[in-house]
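Just below is one structure, and these are the notes that go with it.
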Amino acid sequence: MEDRTYTADAEPGDSVTVAGWVHEVRDLGGIAFLILRDSTGKIQVKFEKDEMDDDLVETGLGVHRESVVSVSGDVEEEDRAPTGVEIVPQSLEVISEADPELPLDPSGKVDAELSTRLDNRTLDLRKDEVKAVFEIRAEIQRAVRETFRTHDCTEINTPKIVATGTEGGTELFPITYFGEEAFMNQSPQLFKQLIAGSGVERVFEIGPIFRAEEHNTPRHLNEATSIDFEGAFCDHNDAMDVAEDVVVAAYEAVAENCEEQLEALDLAAEFEVPDADFPRISYEEAIERVNATGALDEQLVWGDDLSTEAEKALGDDVGGHYFVTDWPSEVKPFYIMDHEDDEQLSTGFDLMHPDLELVSGGQREHRYDQLIEGFEQQGLNPDEFEYYTKMFKYGMPPHAGWGMGAERLVMTILGLENIREAVLFPRDRQRLSP
RNA sequence: GCCCGGGUGGUGUAGUGGCCCAUCAUACGACCCUGUCACGGUCGUGACGCGGGUUCAAAUCCCGCCUCGGGCGCCA
């Protein structure tokens, strides 16, 4: 295979072997064209029936679309060809013949439903606009990693099989671990805190999280990818600064390095990098603003969580990215620290875009006695989390961090309507394979 | 978990009791065509999710199941 040339690299005058998928065969009678596609693009192969070997013509034009073939021949400059060049073949080998009836149409002439597409992801990914999503996702993750490096973060990997959940055991997938009860991890939360307290100080992880909630929405997955940050000697404002940087860097990377992919998605003209300095709106201000919109039948009162309807009203009102800060302590988990001067107010924050929760974070409770108290207040038994709590007795610095949904980040950057579009093989309430 | 709406050839659809042995596009098969680029033209093959019921008559109405999507709750 070392002699293979990518279609994009085939220059006039070259004698090449290209290999890829048969995109289409256009038989015009005396002349026919086979369009060959590989990861770099497409190239036209010309068949002039009177002037070519009959077997070659028969094999080349008899092949079904999406079959894998290799073609050897001369590259010629030709203005009438779609890319300005075409191959005059000397030989053609059918490497893998495709069934004539495909479960979806990779050329995109006929739409397929998401469910059909996910059942046949390999074929679905042959469409430029689908492939583009995952090339962009890879670029986003690259940019995210690089941004964490500029914040002196070390990449870590924490266990995905755990003995206890972050906030109890109700929404976890139970598994059997050598005869013992165990769970798939819903978040690296507790582990990343332990590492932030170790002396490594600033860490990040990009890894899977698992949630057993039976929700059925276009923005939830049962297996998702979490981008997590945790930093020692950070407070919630520092953590928000990092989140902002990561999000903006992701947009910048896409704008700079994914022109072709944005083109394929028809987003090139309208794509914009958001300004940094996302507004930081306190929870109290947020409920006032929601109430002022008049979108809700009932006015929100202090202590209410923001319903989907309230988030939509707020998102419409603010537009773009914004943080909601200073949440009531009671709606945030035990590991979130309260404000020093007001026990009712937490340092927890969410980053929204415009009505989708992208990030959730806060400063953490690093004081042992207060942490134990927090467990008890939420009805959790601190003894079950001893592996975690005991490390708060041996020198735990103040620290803060957050978790960001990688698929939600991709979804908001590209304006995808369903989060499943941002996952190669999504796991949802109904889907366990492929 | 609660609520709502769907399931028609390989794919995407039209059809809401008889006009339907079911429309259109695309794919597939055959034939014609020497510059296509969503190639074009002629002809053809191919479907009412499963089971039960109502009715003279069911793709269409009712019940159960399976399956897909959406809203809410919850969250990233």
Side-chain angles (χ1 to χ4, degrees), chain A residues 23-35 42-52 57 62 64-66 76 78-84 86 98-120 123-124 127 166-167 170-171 186-189 206-229 243 305-312 331-333 350-353 355-361 402-412 417-420 422-423 428-431:
Chain A
H23 187 68
E24 193 165 23
V25 175
R26 298 196 189 107
D27 189 343
L28 276 66
I31 195 169
F33 304 103
L34 183 154
I35 314 298
K42 301 187 189 86
I43 198 161
Q44 175 163 289
V45 182
K46 176 174 70 171
F47 293 87
E48 280 181 300
K49 293 180 187 173
D50 291 345
E51 296 166 30
M52 283 179 162
V57 172
H64 290 119
R65 32 209 276 281
E66 298 306 321
E76 291 183 356
E78 173 55 69
D79 290 343
R80 291 171 292 184
T83 58
E86 64 187 9
D99 257 15
E101 292 213 322
L102 301 169
L104 60 79
D105 172 22
S107 78
K109 283 180 216 163
V110 180
D111 287 340
E113 284 187 0
L114 185 56
S115 168
T116 307
R117 294 174 42 207
L118 294 176
D119 284 341
N120 302 282
L123 285 171
D124 186 43
K127 290 185 271 191
T166 303
E167 292 145 71
T170 53
E171 55 189 30
Q186 73 165 109
S187 158
Q189 179 63 34
I206 301 177
I209 57 171
F210 304 91
R211 304 203 172 170
E213 284 162 25
E214 299 193 33
H215 34 42
N216 190 207
T217 82
R219 58 186 185 280
H220 288 92
L221 294 162
N222 292 292
E223 176 177 353
T225 308
S226 185
I227 300 169
D228 274 87
F229 164 75
D305 208 339
L306 259 43
S307 64
T308 301
E309 199 186 4
E311 285 175 343
K312 282 189 174 132
V331 305
K332 287 290 172 186
D350 291 343
L351 173 61
M352 310 292 295
H353 174 86
D355 54 24
L356 183 69
E357 191 174 325
L358 261 186
V359 172
S360 188
W402 44 257
M404 180 185 304
E407 290 83 6
R408 288 188 174 185
L409 181 63
V410 174
M411 190 182 173
T412 53
E417 284 185 2
N418 193 313
I419 197 163
R420 295 166 182 82
V423 190
D428 62 33
R429 177 70 192 89
Q430 336 284 347
R431 186 172 291 275

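Computed from a predicted model, the values in this text were never measured in an experiment. Residue numbers start from 1 in every chain, and the chains themselves are labelled A, B, ... in the order their sequence lines are given, proteins ahead of strands.
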**OP:** Using the C1' atom as the reference point in each nucleotide, state the distance between B/C37 and B/G18 in Å, no decimals.
**Re:** 48 Å

Subject >> No-H, no-angle donor-acceptor pair, A/R65 side chain to B/A27 base, under 3.5 Å >> reply: no

Original post:
Closer than 4.0 Å, any side-chain N/O of A/T308 to the OP1 or OP2 of B/G73?
Top reply: yes

Original post:
In whole Å, what separates the P atom of B/A59 from that of B/U42?
Top reply: 32 Å

Original post:
Contact class for A/E66 vs. all strands (heavy atom < 4.0 Å): base, sugar-phosphate, or nothing?
Top reply: nothing

Original post:
Can you find a donor-acceptor pair, distance only, under 3.5 Å between A/H220 side chain and B/C74 base?
Top reply: yes

Original post:
Given the P atoms of B/C61 and B/A47, what is the spacing between them in whole Å?
Top reply: 23 Å

Subject >> Sequence-aligned protein contact record of nucleotides 3-13 of chain B, with B where the base is within under 4.0 Å of a protein heavy atom and S where only the sugar-phosphate is >> reply: -------BBSS

**OP:** Using a heavy-atom cut-off of under 4.0 Å over every strand shown, decide if A/E311 touches base, sugar-phosphate, or nothing.
**Re:** base

Original post:
So what does A/D27 touch, heavy atoms closer than 4.0 Å: a base, only the sugar-phosphate, or nothing?
Top reply: base

Original post:
Hey, does A/S307 reach any base, or is it just sugar-phosphate, or nothing, if we go heavy atoms under 4.0 Å?
Top reply: sugar-phosphate

**OP:** Would you indicate, yes or no, if B/A27 has its OP1 or OP2 atom less than 4.0 angstrom from a side-chain nitrogen or oxygen of A/K109?
**Re:** yes

Original post:
Taking the C1' atom of each, how far is B/C20 from B/U60, in whole Å?
Top reply: 11 Å

Subject >> Salt bridge flag under 4.0 Å for residues A/E171 and A/R211 >> reply: no

**OP:** Could you check whether A/A81 gets within reach of a base, just the sugar-phosphate, or nothing at all, counting any heavy atom under 4.0 Å?
**Re:** base

Subject >> Sugar-phosphate only, base, or nothing, as touched by A/D50 at under 4.0 Å among non-hydrogen atoms >> reply: base

Original post:
Is A/Q430 side chain donor-acceptor paired with the B/U67 base, going by distance under 3.5 Å alone?
Top reply: no

Original post:
Donor-acceptor pair under 3.5 Å: do we get one between A/R429's side chain and the base of B/C68?
Top reply: no

Subject >> Rounded C1' spacing from B/C4 to B/G73 in Å >> reply: 15 Å

**OP:** Compare side-chain N and O positions of A/S360 against OP1 and OP2 of B/A76 and report whether any pair is under 4.0 Å apart.
**Re:** yes

Original post:
Roughly how far apart, to the nearest Å, are B/C2 and B/G64 at atom P?
Top reply: 15 Å

Original post:
Between A/K312 and B/C72, is there a side-chain N or O to OP1/OP2 distance below 4.0 Å?
Top reply: yes

**OP:** Can you tell me, in whole Å, how much space there is between the C1' of B/U23 and that of B/G15?
**Re:** 7 Å

**OP:** Mark yes or no for whether A/D428, through its side chain, and A/Q430, through its backbone, hold a donor-acceptor pair below 3.5 Å.
**Re:** yes

**OP:** Scan A/P100 against the nucleic acid and name what it touches under 4.0 Å (heavy atoms): base, sugar-phosphate only, or nothing.
**Re:** sugar-phosphate

**OP:** Once you apply the 3.5 Å cut-off to both distances, tell me the Watson-Crick or G-U wobble partner of B/G35, or none.
**Re:** none

Original post:
Checking all strands, does A/L221 fall into the base, sugar-phosphate, or nothing category for heavy-atom contacts under 4.0 angstrom?
Top reply: base

Original post:
Using atom C1' of each nucleotide, how far apart are B/G10 and B/A27 to the nearest Å?
Top reply: 7 Å

**OP:** Using a 4.0 Å heavy-atom cut-off across all strands, classify A/K46 as base, sugar-phosphate, or nothing.
**Re:** base

